[in-house]
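The structure appears right after this line, and notes come after that.
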Amino acid sequence: MRTLDEYGDILTQWETVTQNKSHIAENLGIPRGTVCDCIKKFDSLENFERVIIDTGVIKNGKSSLFNPIPNAIKSNEWRKSYAYLLGTYLGDGCIDLMKNGRSFRLRIAQDKRYTGLIQACVDTINIVLPTNKVIIVNSVGCVMITVNST
């Protein structure tokens, strides 16, 4: 995770020094992908500063702009759901890197006979990842409960 100052440096060089993302990455010692993501997300130093003001992010700390922590984490229900999902994943799940290389897929296998456990797993995923779509794929004797996320 990059600091806000590093994001500011990227955008400053983008606007004033050079229009070449590779040179910016080389000058700052930051991966080119990070430079591209920063420029794509903010486009200008003015937009970046507006986001900092609007979100109330403190400039001294690490940025939470790319990995926002949801307010739901503070709730006891979310924490219990996360613990249940982690245990289910450790027992019957796996995480795959998707072909695009930018997102992951959580897959959890459940026996078809235990419909209550299948529903509990789906409900738990919906609490932990409320904006992500849960997909149930039928297989021989089991179902694969999948969800994609960055």
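Positions are given from 1 along the sequence.
- Using a 3.5 Å distance cut-off with no hydrogens or angles, the side chains of N76 and R79 do not pair a donor with an acceptor.
- Taking hydrophobic clusters as Ile, Leu, Val, Met, Phe, Trp and Tyr residues chained together by side-chain heavy-atom distances below 4.5 Å, V137 does not share a cluster with V134.
- Note: Q13 CD to I39 CD1 = 9.5 Å, rounded to the nearest 0.5 Å.
- No chain of hydrophobic side-chain contacts below 4.5 Å, direct or via other Ile, Leu, Val, Met, Phe, Trp or Tyr residues, connects M98 to L106.
- For residues 107-125, every residue pair satisfying the salt bridge (charged side-chain N to carboxylate O under 4.0 Å, His left out) rule, not counting sequence neighbours, is listed here: D96-R107, D111-R113.
- Residues P31 and A25 share a closest heavy-atom pair of C-CB, 4.1 Å.
- Atom NZ of K40 sits about 7.5 Å away from atom CG of D37, to the nearest 0.5 Å.
- No donor-acceptor pair under 3.5 Å is formed between the side chain of E49 and the backbone N or O of E46.
- Linking Ile, Leu, Val, Met, Phe, Trp and Tyr residues whenever their side-chain heavy atoms come within less than 4.5 Å places I108 and I136 in a single cluster.
- For the atom pair CH2 (W14) and CG (N20), the distance works out to 8.0 Å, reported to the nearest 0.5 Å.
- Tracing side-chain contacts under 4.5 Å through hydrophobic residues (I, L, V, M, F, W, Y), one never reaches L86 starting from M144; they form parts of separate clusters.
- Between D9 and the options L45, V35, L28, a side-chain contact (heavy atoms from CB on, under 4.5 Å) holds for only L28.
- Between L11 and N47, every side-chain heavy-atom pair lies at or beyond the 4.5 Å cut-off.
- Taking the six-membered ring for Trp and thresholds of 30 and 60 degrees, F48 and Y7 have ring planes more than 60 degrees apart, a perpendicular arrangement.
- Under the side-chain contact (heavy atoms from CB on, under 4.5 Å) test applied with S81, the options L129, N126, V128 reduce to a single match, V128.
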Checklist line | side chain to side chain contact (heavy atoms under 4.5 Å, CB included) between V122 and I145, worked out | finding: CA-CA 7 Å; V122 170; I145 302 167; 4.1 Å; yes
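- Contact check for T124 versus T88: no side-chain heavy atoms found under the 4.5 Å cut-off.
- Clustering ILVMFWY residues whenever any of their side-chain heavy atoms sit less than 4.5 angstrom apart, transitively, puts L97 in a cluster other than the one holding I135.
- Here the side chains of I95 and Y89 are in contact, with some heavy-atom distance below 4.5 Å.
- Hydrophobic cluster membership of Y114, counting Ile, Leu, Val, Met, Phe, Trp and Tyr whose side-chain heavy atoms lie under 4.5 Å apart directly or via other members: Y84, L117.
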